[in-house]
*Asks:* 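A single structure is presented below for examination.
In this text, all values refer to a predicted model and were calculated from it rather than measured experimentally.
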Amino acid sequence: MNDVNALLDSVPTGLWLAGGPAAAASGATFDVVNPATGDVLVGVADAGVTDAHLALDQAVEAGAAWAATAPRRRGEILRAAFDAVTARADDFALLMTLEMGKILAESRGEVTYGAEFLRWFSEEAVRVHGRTATAPAGTGRIVVVKQPVGPALAITPWNFPLAMGTRKIGPALAAGCPIIVKPAEDTPLTMLLLAKVFADVGLPPGVLSVIPTTSAADVSAALMSDPRLRKVSFTGSTGVGRALIRQSADQVLRTSMELGGNAPFIVFDDADLDAAVDGAMLAKMRNGGEACTAANRILVQNGIRPAFTEALTARIAAMSVGPGYDAGSDLGPIINAKQVDSVAALVDEAVAGGATVHTGGHRLDRPGYFYAPTLITGAPEDSRIAGDEIFGPVAVISGFDTEAEAIARANDTEYGLASYFYTRDLDRAMRVSAALEYGMVGVNRGVISDPAAPFGGIKSSGLGVEGGSEGIEEYLNTKYIALT
Ligand code: ADP
């Protein structure tokens with residue numbers, strides 16, 4: 001544990017305000033827990049409303065100079081942060097595994113993915129374009145420019161402690177906006193270390209603040225009711241997202257909302273079976289199933305269903321479960337006891353309703369918060385597991401007969417984030433891609449996230465996109481200047 005202690009000693013545990021660590025005004029702290037053991041890793045400062053206002057004061061103070069900083073310079077700082085995070089990839093990976101639980105290989109993957117938002121937006125900082133046109137009536141010129149929206153608040157979840165922050169921080173800083181990050185209370189350490197890295201590479205104080213808190217609702221309400229805040233970007237559950245959209249009405253804030261999902265993963269009879277099983281393992285079990293893009297409903301055409309179910313069961317049953325920092329682990333713990341209870345309740349209810357457990361279906365009797373990797377079939381159509389976000393290592397397979405039935409069932413949800421399907425028929429690939437009511441469609445792929453692509457949902461899954469050339473627009477206002 002020497003490495004761990006040295007790493008934890010290097011992570012700031014204060015609020016990150018004015019370019020350095022600070023105690024909360026109240027002096028309060030809260031514990032960050034290792035989900036693989038239930039043990040406390042470290043205590044961090046617990047921000048209250050006073051601290052939040054201080055962060056906003058500093059954002060406003062630093063914001064004007066940041067907006068006026070040359071785009072090239074803003075890009076260079078982002079690029080230096082990318083380099084610094086990459087140089088400390090092992091530290092960031094271990095820290096995420098310690099506070100969130102995912103296996104080290106996946107944490108390393110997240111460092112690559114999360115850091116890439118910094119590099120991507122370092123390149124976008126110098127590519128913010130407006131346009132100009134002659135008025136159709138010939139009466140003058142239309143000049144359109146883009147300007148930073150101003151101080152932004154980012155509220156992030158615990159499942160991707162680095163990437164959910166960098167995909168908001170990257171575009172905000174590139175666009176010229178100061179940003180206050182309120183990380184999830186389960187996983188504040190990764191953002192605190194990132195803030196330190198940004199300070200080390202020269203980001204001016206006040207441009208990025210990090211305010212871990214156990215009073216998320218109070219802190220965010222205080223900031224969102226302050227007219228100086230101009231933007232809120234949230235990733236989390238649809239319920240909280242709805243509440244934030246309502247709150248954002250008072251100050252008419254720009255909002256970006258990445259909310260819940262209920263991703264269908266469709267396997268047609270003409271799919272490559274091995275590729276579909278590989279894809280399902282990724283789409284379902286990556287990150288322990290704790291992803292809004294995770295395959296929540298695996299719909300398999302009845303011709304291929306027995307072979308697919310058998311093959312996926314074998315793969316899931318073979319997973320070795322343990323702390324994410326143990327070399328042999330394929331699957332780590334779930335984030336906390338409450339989330340294990342939620343997963344267990346969904347499975348138990350489905351089983352009580354007649355579902356069959358092919359593997360798993362129970363908690364693991366060991367310290368920490370573990371649930372066995374599970375595959376079930378025959379869940380009643382009206383069971384909660386068929387409609388709610390599972391957010392755990394539980395695969396649920398059901399059969400279908402026709403393409404039309406698969407599409408209808410896939411779309412029969414209030415959500416519209418990620419969807420996946422496997423087929424070797426090009427016509428079908430085009431038809432089904434068009435018909436799926438989702439912001440993202442993976443065709444013969446189990447992972448779709450890419451910093452260079454616009455990530456976002458429709459329907460109750462959200463507003464706006466992150467990443468791609470589109471992502472920076474979320475932090476820019478459009479201004480029209482009428483010239484003679
Ligand atoms: P999850 O169920 O994945 O924890 P949440 O939506 O509850 O998702 O949490 C995502 C983020 O939203 C976390 O940072 C959490 O602290 C924050 N959060 C939770 N409730 C509120 C709220 N009422 N107002 C603002 N932020 C909130």
*Asks:* Check this for me, if you would: do E414 and R242 make a salt bridge, where the nitrogen-to-carboxylate-oxygen distance has to be below 4.0 angstrom?
*Replies:* yes

*Asks:* Taking D57 first and then R228, would you say they form a salt bridge - that is, a charged N and a carboxylate O separated by under 4.0 Å?
*Replies:* yes

*Asks:* Are any non-hydrogen side-chain atoms of Y475 and S233 less than 4.5 angstrom apart?
*Replies:* yes

*Asks:* Take atom CD in E61; do more than 12 heavy atoms of anything else shown fall under 6.0 Å from it?
*Replies:* no

*Asks:* Within the structure provided, determine whether M224 and L253 are in side-chain contact (heavy-atom separation under 4.5 Å).
*Replies:* yes

*Asks:* Can you tell me how far apart CG (L15) and CD1 (I180) are? Round to the nearest 0.5 Å.
*Replies:* 11.5 Å

*Asks:* Can you give me the closest heavy-atom contact between P212 and L192, atom names plus distance?
*Replies:* CG-CD1, 4.1 Å

*Asks:* Salt-bridge test for E466 and K168: reply yes if a basic N is under 4.0 Å from a carboxylate O, no otherwise.
*Replies:* yes

*Asks:* Would L153 and I179 satisfy side chain to side chain contact (heavy atoms under 4.5 Å, CB included), going step by step from the backbone distance to the final call?
*Replies:* CA-CA 6 Å; L153 168 65; I179 185 164; over 6 Å; no

*Asks:* Inspect the contact between R167 and E258 and indicate whether a charged nitrogen and a carboxylate oxygen are less than 4.0 angstrom apart.
*Replies:* no

*Asks:* Do you know the tightest heavy-atom contact between L331 and I103?
*Replies:* N-CG2, 3.7 Å

*Asks:* Among V44, T13, V40, which one satisfies side-chain contact (heavy atoms from CB on, under 4.5 Å) with V32?
*Replies:* V44

*Asks:* Would you call K182 and T213 a side-chain contact if the rule is heavy atoms closer than 4.5 Å?
*Replies:* yes

*Asks:* In terms of relative ring orientation, are F117 and Y113 parallel, tilted or perpendicular, with 30° and 60° separating the classes?
*Replies:* perpendicular

*Asks:* Any heavy-atom pair between the side chains of E124 and S469 that's under 4.5 Å?
*Replies:* yes

*Asks:* Within the distance-only criterion (no hydrogens, no angle test), does the side chain of W120 pair as donor or acceptor with the backbone N or O of G467 below 3.5 angstrom?
*Replies:* no

*Asks:* Using a strict 4.0 Å threshold on nitrogen-to-oxygen distance, state whether E437 and K459 make a salt bridge.
*Replies:* yes

*Asks:* Would you check if the side chain of S329 reaches a backbone N or O of P323 as a donor-acceptor pair within less than 3.5 Å?
*Replies:* yes

*Asks:* Within this structure, what is the NZ-OG distance for the pair K196 and S10, rounded to the nearest 0.5 Å?
*Replies:* 7.0 Å

*Asks:* Can you tell me how far apart CG (L95) and CG (L7) are? Round to the nearest 0.5 Å.
*Replies:* 5.0 Å

*Asks:* Kindly compute the distance separating NZ (K146) from CG (N477), expressed to the nearest 0.5 Å.
*Replies:* 9.5 Å

*Asks:* Under a 4.5 Å cut-off applied to non-hydrogen side-chain atoms, are N336 and D186 in contact?
*Replies:* yes

*Asks:* Apply side chain to side chain contact (heavy atoms under 4.5 Å, CB included) to L162 and F92, showing your working.
*Replies:* CA-CA 8 Å; L162 180 67; F92 274 97; 4.2 Å; yes

*Asks:* For F265, does the six-membered ring have the charged nitrogen or CZ of K284 within the cation-pi criterion, i.e. under 6.0 angstrom from the centroid and within 45° of the normal?
*Replies:* no

*Asks:* Are F391 and W158 an aromatic pair, judged by ring center distance below 6.0 Å?
*Replies:* yes

*Asks:* Would you call D341 and R363 a salt bridge, taking side-chain N to carboxylate O under 4.0 Å as the test?
*Replies:* yes

*Asks:* Can you name the nearest heavy-atom pair linking Y420 to A263, along with the distance?
*Replies:* CE1-CB, 4.0 Å

*Asks:* If every non-hydrogen atom of A386 is compared with every non-hydrogen atom of R297, which pair is closest and at what distance?
*Replies:* O-CD, 3.4 Å

*Asks:* Could you grab the distance from atom CG of L229 to atom OG of S248, nearest 0.5 Å is fine?
*Replies:* 10.5 Å

*Asks:* Between F455 and S449, is a side chain to side chain contact (heavy atoms under 4.5 Å, CB included) present by the stated rule, with each step listed?
*Replies:* CA-CA 7 Å; F455 183 109; S449 300; 3.6 Å; yes

*Asks:* Look only at the side chain of D250 and the backbone of S225, and say whether a donor-acceptor pair between them is shorter than 3.5 Å.
*Replies:* no

*Asks:* If we only count heavy atoms from C-beta on, is the S209 to V181 side-chain gap below 4.5 Å?
*Replies:* no

*Asks:* Looking at E116 and R119, does any basic side-chain N land under 4.0 Å from a carboxylate oxygen?
*Replies:* yes

*Asks:* Consider only side-chain N and O atoms of D46 and T214, and report whether a donor and an acceptor are under 3.5 Å apart.
*Replies:* yes

*Asks:* List the atom of F198, the atom of A81, and the distance in Å for their closest heavy-atom pair.
*Replies:* CE2-CB, 3.5 Å

*Asks:* Under 4.5 Å between any side-chain heavy atoms of V232 and M257, yes or no?
*Replies:* yes

*Asks:* What's the separation between atom CD1 in I77 and atom CZ in R72, rounded to the nearest 0.5 Å?
*Replies:* 13.0 Å

*Asks:* Taking side chain as C-beta onward, heavy atoms only, is F82 less than 4.5 Å from V201?
*Replies:* no

*Asks:* Between E99 and K102, is there a salt bridge with N-O shorter than 4.0 Å?
*Replies:* no

